[in-house]
Amino acid sequence: MTHLPVRRLLVDLDAPVQRHWCGGDPFLTAWFNALSMSFPVGEQFFIDSVRQGLKALPADRQERFANEVQGFIGQEATHRRIHGLFNARIAAHGLENTWEPRAKARLALMANADARHGLAITAANEHFTALFAEWMLTHQQVLDGAEPRLKSLWLWHSAEEAEHKSTAFDLYQALGGSHEWRVRWMRRVTLIFLTDALRQTIHNLRRDGTLWRLSTWRSGWRHLMARGGLFRESWVAWRAYFRRDFHPSQQQSTASEDWLRDNANQYQRVGAG
Ligand SMILES: [Fe+2]
Ligand SMILES: [Fe+2]
């Protein structure tokens, strides 16, 4: 069982956020904004899936997961609340969240599905999030030009994603979820996630009036595709998910622990955690 403390991030999100808050870079700003737009709806789905998964376990096997699930829910609930505040700030820039209604419509189709489907979808998304988190924590210079409070927001979220990346996966396994369905959902989630993330990023850039600048596309290439870019760096780790003996804990680094230790003044632990 993994201990997952809930932390309250000590940042003020009442103050306005600059239009190009990520170092004046329209692409990076639009990309991070897009991801943030997906978090409130996505993280609520993860919470519901994990809660439902725990309930589906026989009573005598629930105890092993109960604390971890509570910590997972606490962490994701905090993320979605804080990103909701951040999203309200960036909405003031004239952006429009088209990802959320698309995700809501798709997720509504899962309402009465077996708990293992929700968990497989959550585990696949959590793998994506964990890859993104590892990249963020090991490429913190990407956020160097951001205000300290926004840098903290993204790195705190990343650190906790790395911490709880096994929870949905372990519940899925405990419920006897198959390898075939796990990888089938990963294929679908990959397609849906990348399409949605790129669509929303482009939409944000279009509303921002910076879509057709060469510098925007250069930044996109450099931060996603070039050496050191997110997609290029994460490809091997993404593919590992398709191995039969894959487990999220196989991709462990100290980046999350390091950030949480070195930035303990940025957050407060909540409750007994
Ligand atoms: Fe999260
Ligand atoms: Fe998560």
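Counting convention: from 1, in listed order, for ligands and their atoms alike. Owing to the predicted nature of the structure, the values given are computational and were not obtained by experimental measurement.
- In this pair, His223 and Phe27 present their aromatic rings parallel. The plane angle is below 30°, not in the 30 to 60° band.
- Residues Trp21 and Phe86 place their aromatic rings such that the two centres sit under 6.0 Å apart.
- Aromatic ring orientation, Tyr241 versus Phe246: tilted (interplanar angle from 30° to 60°).
- Within His157, the N/O/S atom positioned nearest the Fe ion (ligand 1) carries the name NE2.
- The pair Glu163-Arg7 meets the salt-bridge criterion, with a side-chain N (NZ, NE, NH1 or NH2) lying under 4.0 Å from an Asp/Glu carboxylate O.
- Residue contact annotation: Glu126 places an N/O/S atom under 2.8 Å from the Fe ion (ligand 2).
- Between Glu76 atom OE1 and Glu43 atom OE2, the angle centred on the Fe ion (ligand 1) amounts to 90° (nearest 10°).
- His79 contributes ND1 and Glu161 contributes OE2; the angle these two atoms make at the Fe ion (ligand 1) is 100°, rounded to 10°.
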